[in-house]
Every structure is written in structure tokens, then in C-alpha cells.
Amino acid sequence: MTTQRTSGRRKQAFAAAAAVAALLTTAACGGGGDDDKGSSTGAAGFDAANNKVAQASAAKKGGTLKFGGAQDADSWDTTRGYYGMMWNFARYYSRQLVTNKAEPGAAGAEITPDLATSTAKVTDDGKTYTYTLRDGSTWEDGKPITSKDVKYGIERVWAQDVLSGGPVYLKDVLDPTGAYKGPYKDTSADKLGLKAIDTPDDKTIVFHLPKANSDFEEMLALVSASPVRQDKDTKSKYGLHPFSSGPYKFESYSPGKDLTLVRNTSWKQASDPIRKAYPDKITIQFFSDANQLDQRLLSGDLDLDLNQTGMSPQGRTTALKEHKANLDNPVSGYIRYAVFPQSVKPFDNVECRKAVIYGADHVSLQTARGGPVAGGDIGTNMLPPSVAGSEGQKYDPYEIAGANKSGNEAKAKEALKACGQPNGFKTTIAVRNNKPVEVATAQSLQASLKKIGITAEIEQYDGSQTTGIIGSPANVQKKGFGIIIMGWGPDFPSVQGFGLPLWDSKYILDSGNSNYALIKDKTIDGLFDSYVNTLDDAGKTKIATDINHKVMEGAYYLPFVFEKFINWRSDNLANVYTTDGYSGMYDFVNLGLKNPKK
């Protein structure tokens with residue numbers, strides 16, 4: 001699950017980051033002159049919504065829920081979207097057979113029925129999944145949602161030439177040989193020619209897996225499994241105005257500027273066990289400057305940050321001093337990291353990759369991301385603590401959090417010599433331009449590498465164009481992006497849901513690629529093959545650990561932090577809580593307002 005500027009002198013960036021880190025450390029120790037209620041009178045208190053519900057009884061029907069974002073979605077098309085905040089927000093206008101529970105903390109990662117009357121009836125040794133649709137579920141024009149609509153929505157995942165960018169788990173699990181060519185090339189009259197899915201009647205849908213996959217129902221809970229009605233499918237333009245199956249529908253959307261949802265008057269509460277639909281209207285205002293967004297949050301003009309990747313250093317500093325009661329500090333499921341595309345020399349050599357890992361100042365990188373509280377613990381490997389098989393900081397093969405936490409110049413130079421670059425080399429760091437903390441991280445890495453003879457230029461790019469910039473291996477090679485700054489959280493809480501798009505060679509795509517390192521390792525591929533066919537939890541956990549070890553042995557990544565956030569909630573926000581289902585974000589779907597007229 002991907003996440004979503006920057007300029008300014010390096011010293012200023014590091015000074016701000018260091019100041020925030022110091023303030024956060026003080027806050028974590030209970031100092032700083034504020035109690036947990038801070039100076040805000042209408043807020044619930046510091047960490048009041050962290051894995052628990054804040055102000056549930058205060059939520060009222062009506063009003064406008066106001067989001068702000070420093071970055072638009074990669075796409076609002078349920079097939080194409082891959083940003084975590086898009087998956088979270090898309091449940092306002094899309095439904096799935098099953099979805100995540102609308103509950104705080106770990107329970108939010110559990111699967112519960114949505115359009116279906118129950119979770120799957122699983123037969124045939126885990127290869128057949130059968131669902132029955134609920135009565136009363138309709139599209140925004142009042143027509144019933146049918147099993148054929150669900151099938152067609154899933155079939156769109158096969159149209160990667162038109163609808164690239166989203167997860168392709170369902171395609172790979174249901175049609176591993178690629179026999180089906182997608183609905184736009186389907187020669188059958190009804191364009192429903194995918195043989196792996198049967199729709200014997202409008203209320204029944206049956207999935208036939210060629211091989212069992214213990215995470216299959218997790219895949220059906222992704223928004224990429226949302227129904228799409230054929231007569232409303234505008235193909236590549238669908239993300240500009242999706243047709244709603246949920247409680248809200250698109251009223252207007254100007255990409256990069258604003259989005260407004262209004263009530264879908266055809267939606268029936270009795271047909272939907274998940275969504276409470278408190279607000280009358282939901283708006284998003286997009287900002288090119290993250291600091292401007294933070295100011296609007298602090299002033300009370302907006303209720304919360306759409307992107308849910310934490311406030312920027314300047315805003316955090318003010319918020320912690322003056323509005324601590326409006327803040328939560330959840331552990332996310334994300335790892336922030338640098339990745340080395342093997343198509344860009346000299347990163348085709350493992351020793352050159354190790355040189356960067358050893359040469360980096362990991363404490364400085366942690367500080368650039370906000371320190372141990374807002375940034376998170378130093379990342380020592382690539383499997384998040386929330387995923388079974390993770391060993392957390394205990395697995396630290398490069399002593400990133402230990403002896404080499406401030407960098408090891410001697411080891412870095414040994415690695416440079418071993419890779420035939422004893423005097424160092426030049427490369428380019430690619431970083432998204434819409435988050436100051438990411439650019440500060442790139443600047444930290446740039447400064448560390450200079451000490452060992454690696455000259456790294458920083459190239460900033462539009463974060464909303466990720467799919468075609470760093471998601472295109474051809475463009476990465478052409479631009480010479482030897483280091484890419486990125487982050488990733490689990491699509492669902494397993495090594496398959498986290499690591500498959502990053503590390504399996506089958507997931508190297510021409511566009512919308514997430515295997516940025518271009519890993520083609522038969523051992524890793526084989527371990528994933530074993531994992532998906534393993535049904536016992538202990539066996540799955542061991543394989544997950546083994547995969548993580550193989551990835552780290554290849555030195556494809558420099559992990560920065562196991563991330564934590566400082567997120568804002570307005571005084572007026574009610575029924576708010578963080579959820580593991582969306583990597584520590586607030587669960588958007590049932591947010592309400594205390595004072596709808598405000």
C-alpha cells in the first residue's frame with residue numbers, strides 16, 4: 001500500500017526536524033508544560049483516538065466533514081487506486097463483498113461481511129468461495145447491485161493496459177496463466193468471460209481458485225474488488241466520476257484542487273452493516289504546500305488530513321505546544337525506506353548497495369523523519385512489526401540500530417572497493433515533492449553519502465505522478481534514479497499483503513511498478529509460492545521470516561524507520577479512532593461531527 005517538498009536550505013530542514021524530535025521526546029516523557037488535554041478546550045485529549053474510540057456518542061447526523069490533503073489520490077477509480085488513504089476514503093462511495101471491520105486497533109484489520117450476507121462459504125480444500133448478496137443494496141440510481149456487477153468490477157483488474165496502477169492480486173490468483181484478457185478485449189456477448197467466477201443468479205457469486213490461497217478473502221476486501229456497472233464504466237476516465245454503490249456519490253471533482261461527495265439518496269442503511277453515513281457532505285481541499293495544509297488544520301478550517309502521513313515539522317511543533325489534545329501518535333504499518341533499482345549502475349552490484357547502507361547516518365535519517373516519536377524506531381529490516389513473521393528490531397543484519405547507527409565509513413569504503421568503485425560514484429535520489437519530511441530524509445542521506453565519496457543529486461517529482469515516474473522501470477533507468485525514497489504499508493496484514501508487490505519478480509510491471517529494486521530472485525519467488533499454498537499459521541510465519549531475510553541479504557533496501565505519525569483531529573470530529581486495517585490511519589468511514597452546523 002503506497003503513501004503519498006520542499007526546498008529550503010539543508011540546515012534549516014535539519015534544524016526544524018531536530019527541534020521537533022526534541023519536542024516530541026519531551027512530550028513522550030510527559031514534559032513540555034502541557035498536560036494531555038493541552039490548551040484546546042474542545043478536543044478529546046492526546047492519543048484519545050489511538051486504538052480506541054474518541055467521542056463516539058457525540059457524533060450527530062448532518063454537516064460537512066472537511067478533509068485537506070497535500071496530495072490527490074493516484075486515482076479514485078477503485079481498480080486503479082493504490083494509496084492507503086484512497087482505499088480508506090473509497091469506502092464512502094464503493095462497497096465490497098467483505099471489508100475491514102469498522103473498529104479501532106487490531107480488530108479493524110479483521111474481515112467482516114459488506115455486500116455479502118456472510119463471509120465466504122469455503123469448500124473444495126480452500127479453492128471455492130461462495131457468497132450471497134444482501135437484499136436492498138443499490139447503485140446511486142436505485143438499480144440493484146448484482147453478482148454480475150461484482151464480477152465485472154473484478155474483471156477490470158485484468159485491463160492493465162488501460163487501468164494500470166492498482167493491486168493485481170486477484171488477477172494472479174484467479175488466472176495465473178493470464179488466459180483472460182480483460183473485459184475490454186472480452187469476445188463474449190456479456191463481457192463476463194472470466195471463467196474463474198460464476199454468477200448463477202443475481203444474488204450468488206462463486207470464485208474458483210486454481211490453487212488455494214489462504215489470503216484470498218483479504219484480497220476480496222480490497223477496494224479493487226468493488227462492483228462496477230458496465231453501462232457506467234468510462235474506462236480510463238472512471239476515476240474522475242465513479243458511480244456510487246455506497247452512501248455517498250461524487251458531486252464534483254477537480255483533480256489536484258477539490259472533491260465533493262454528497263449523500264447517495266438511493267443508499268439504504270438497512271442494507272449496509274458497516275457505514276453509518278453521519279455527514280451530509282464530505283469535501284477534500286488539496287494543497288500544494290503541506291505547511292499551508294497544517295495551518296488550515298490548526299486554525300480549525302479543516303477536520304483532518306486526508307493523506308494521514310503525519311503533520312510536517314513546522315505544524316507538528318506548533319500543534320504539540322498549543323494543541324496537544326488534538327493529536328494522536330499511532331504506530332503505522334509503514335516502513336519508510338530507500339530502494340536501489342538494479343537497472344541503474346552501479347546498483348546492479350550488491351556491494352555498491354551495501355556501501356549506501358553502511359554509509360548512511362541512521363540516527364540523522366530518523367531525526368529527519370521526526371525523531372523516535374513522530375518518525376518511529378530506526379528500521380532495521382523490511383518486514384513491519386504488525387506482520388506475522390516480523391522480528392522487529394531484533395533482526396538487524398547491518399547493525400543499523402546498533403554499532404552502525406551513525407554510519408560506518410570504514411565498512412562503506414570496504415564495500416565501495418569490493419564493487420569496483422573505490423573513489424565513490426555519482427547517482428540521483430528521486431523523492432516526491434509534496435512532503436517536506438521526505439525531502440529532509442533525502443537531504444540527510446545525501447549528506448551522509450558525500451562523506452564516503454558518493455555524490456547524490458536530488459530530483460523532486462510530483463507525488464501524484466508516481467505511477468509513471470518511479471513506477472516506470474524504463475523512466476527510472478532513463479533518469480538514472482539510483483536511489484528512490486518511498487514508503488509501504490501492508491495491503492493486508494501478511495507477508496503476501498506487504499511484500500509480494502515489492503519483491504516477487506512477477507510483479508515487475510511496465511507501469512505502476514512497485515518492485516522498484518527489480519528483484520528477480522528464484523528463492524524469494526519460490527518462498528512466496530510456498531507461502532500462498534500454506535494454510536497453517538506457524539508455517540506461514542516461518543516463511544515470512546525467511547523471505548525478509550533473503551530480501552535483506554540482497555541489500556536492495558535501506559530501511560529508515562518503522563513509522564509512527566503525529567496526526568491531527570479537529571475539536572469537531574467525533575467517532576474517531578485509528579485502525580490497523582488502514583495502517584494506523586483514522587478509519588474514515590464512520591467519522592462524524594459533534595456540531596454539524598459548525
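Side chains included, hydrogens not; waters and symmetry mates left out as well; all remaining heavy atoms used.
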- Message: If you apply the rule side-chain contact (heavy atoms from CB on, under 4.5 Å), what do you find for Phe588 with Gln308, and how did you get there?
- Response: CA-CA 10 Å; Phe588 296 161; Gln308 292 286 291; 3.7 Å; yes
- Query: Should we count NZ of Lys52 as having more than 12 external heavy atoms under 6.0 Å?
  - Reply: yes
- Short question: side chain of Gln460, backbone of Val439 - any donor-acceptor pair under 3.5 Å? no
- Message: If only side-chain N and O atoms count, and only distance matters, is there a donor-acceptor pair under 3.5 Å linking Tyr83 with Gln71?
- Response: yes
- Query: Can the positive tip of Arg80 be found less than 6.0 Å from the middle of the six-membered ring of Tyr82, inside 45° of the ring normal?
  - Reply: no
- Message: With a 4.0 Å cut-off on N to O distance, would you call Arg432 and Asp462 a salt bridge?
- Response: no
- Query: Judged by atom type as modelled, is there a donor-acceptor pair below 3.5 Å linking the side chain of Thr283 to the main-chain atoms of Thr260?
  - Reply: no
- Message: Whether the side chain of Thr441 engages the backbone of Leu365 through a donor-acceptor N/O pair (distance < 3.5 Å, no angle test) should be reported.
- Response: no
- Is any side-chain heavy atom of Thr265 less than 4.5 Å from a side-chain heavy atom of Glu140? no
- Query: Which atom pair, heavy atoms only, marks the closest approach of Gly376 to Val561?
  - Reply: O-CG1, 3.8 Å
- side chain to side chain donor-acceptor pair (under 3.5 Å) with Asp272: of Lys268, Arg275, Gln269, only one passes, and it is Arg275
- Test item: Tyr238 and Phe243 side chains (from C-beta on) under 4.5 Å apart, heavy atoms: yes
- Task: Side-chain contact test, heavy atoms from C-beta onward, threshold under 4.5 Å: evaluate it for Phe565 versus Leu327 and give yes or no.
- Result: no
- Ignoring hydrogens and angles, state whether a donor on the side chain of Ser494 or Asp215 is under 3.5 Å from an acceptor on the partner side chain. yes
- Item | Note, Pro247 side chain near Arg263 side chain (heavy atom, < 4.5 Å) | no
- Query: Is any side-chain heavy atom of Lys249 less than 4.5 Å from a side-chain heavy atom of Leu261?
  - Reply: no
- Message: Taking Arg156 first and then Asp233, would you say they form a salt bridge - that is, a charged N and a carboxylate O separated by under 4.0 Å?
- Response: yes
- Message: Against Arg296, only a single residue in Asp301, Asp289, Asp305 fulfils salt bridge (charged side-chain N to carboxylate O under 4.0 Å, His left out); can you say which?
- Response: Asp301
- Query: Is a donor on one side and an acceptor on the other found under 3.5 Å between the side chain of Asn572 and the backbone of Leu593?
  - Reply: no
- Message: Counting only heavy atoms not in Lys564 (residues, nucleotides, ligands), do more than 12 fall under 6.0 Å from its NZ?
- Response: yes
- Test side-chain contact (heavy atoms from CB on, under 4.5 Å) on Tyr586 and Asn567 and set out the steps. CA-CA 9 Å; Tyr586 295 132; Asn567 275 337; 4.0 Å; yes
- Message: Under a 3.5 Å cutoff, is there a donor and acceptor pairing between the side chains of Asp491 and Tyr169?
- Response: yes
- Item | For Val98 against Pro113, the heavy-atom pair lying closest together | CG1-CA, 4.1 Å
- Item | Between Asp149 and Trp139, a side-chain donor and acceptor under 3.5 Å | yes
- Counting only N and O atoms by type, is there a donor-acceptor contact under 3.5 Å from the side chain of Ser244 to the main-chain atoms of Tyr248? yes
- Query: Do Ser75 and Asp77 have side-chain atoms, one donor and one acceptor, less than 3.5 Å apart?
  - Reply: no
- Task: Considering non-hydrogen atoms only, spot the tightest contact between Lys60 and Lys594 and give its length.
- Result: NZ-O, 3.1 Å
- So, the side chain of Asn590 versus the backbone of Ile274: is there a donor-acceptor pair under 3.5 Å, distance only? yes
- Message: The test is side-chain contact (heavy atoms from CB on, under 4.5 Å); show your working for Thr146 and Leu133 and say whether it passes.
- Response: CA-CA 8 Å; Thr146 70; Leu133 271 62; 5.5 Å; no
- Query: Nearest heavy-atom pair of Gly489 and Phe498: which atoms, and what distance?
  - Reply: C-CD1, 3.7 Å
- Task: Kindly give the heavy-atom pair with the smallest separation between Leu304 and Leu591, and that separation in Å.
- Result: CD1-CD1, 3.7 Å
- Query: Quick one: do the Tyr461 and Asn433 side chains pair a donor with an acceptor below 3.5 Å?
  - Reply: no
- Message: Can you give me the closest heavy-atom contact between Ser583 and Pro490, atom names plus distance?
- Response: OG-CD, 3.7 Å
- Check whether NZ of the Lys or CZ of the Arg Lys61 lies under 6.0 Å from the centre of the six-membered ring of Tyr278 and within 45 degrees of that ring's axis. yes
- Item | Residues Asp114 and Arg134 bridged, charged N to O under 4.0 Å | no
- Kindly check if the number of other-residue, nucleotide or ligand heavy atoms within 6.0 Å of NZ (Lys281) is above 12? no
- Should Leu222 and Leu170 be marked as a side-chain contact (heavy atoms from CB on, under 4.5 Å) after you check the CA-CA gap, both sets of side-chain angles, and the distance that decides it? CA-CA 10 Å; Leu222 302 177; Leu170 290 169; over 6 Å; no
- Task: Indicate yes or no for a side-chain donor-acceptor contact from Gln285 to the backbone of Gly69 under 3.5 Å, with no hydrogens or angles considered.
- Result: no
- Query: Can you find a side-chain donor-acceptor pair between Ser444 and Ser364 that sits under 3.5 Å?
  - Reply: yes
- Query: Considering only heavy atoms from C-beta outward, does the side chain of Asn100 approach that of Thr579 to under 4.5 Å?
  - Reply: no
- Heavy-atom donor-acceptor pair, Ser390 side chain to Leu383 backbone, under 3.5 Å: yes
- Query: Is the shortest heavy-atom distance from the side chain of Glu438 to the side chain of Thr309 under 4.5 Å?
  - Reply: no
- Task: Report yes or no: does Thr318 contribute a side-chain atom to a donor-acceptor pair with the main-chain N or O of Gly315 at less than 3.5 Å?
- Result: no
Below 3.5 Å, can you tabulate the donor-acceptor pairs from side chains in residues 42-50 to any protein atom, sequence neighbours excluded?
from, atom 1, to, atom 2, distance (Å)
Asp47, OD1, Asn50, ND2, 3.2
Asp47, OD1, Asn329, N, 2.7
Asn50, ND2, Asn329, O, 3.4

- Task: Inspect the contact between Arg569 and Asp303 and indicate whether a charged nitrogen and a carboxylate oxygen are less than 4.0 angstrom apart.
- Result: no
- Establish, yes or no, whether a centroid distance under 6.0 Å links the rings of Tyr93 and Phe250. yes
- Is there a donor-acceptor contact under 3.5 Å linking the side chains of Ser94 and Gln96? yes
- Query: Which of these passes side chain to side chain donor-acceptor pair (under 3.5 Å) with Trp76: Thr78, Asp74, Asp72?
  - Reply: Asp72
- Message: Please report whether the ring centroid of Phe89 lies less than 6.0 Å from that of Phe67.
- Response: yes
- Item | Close side-chain approach of Leu302 and Leu293, heavy atoms under 4.5 Å | yes
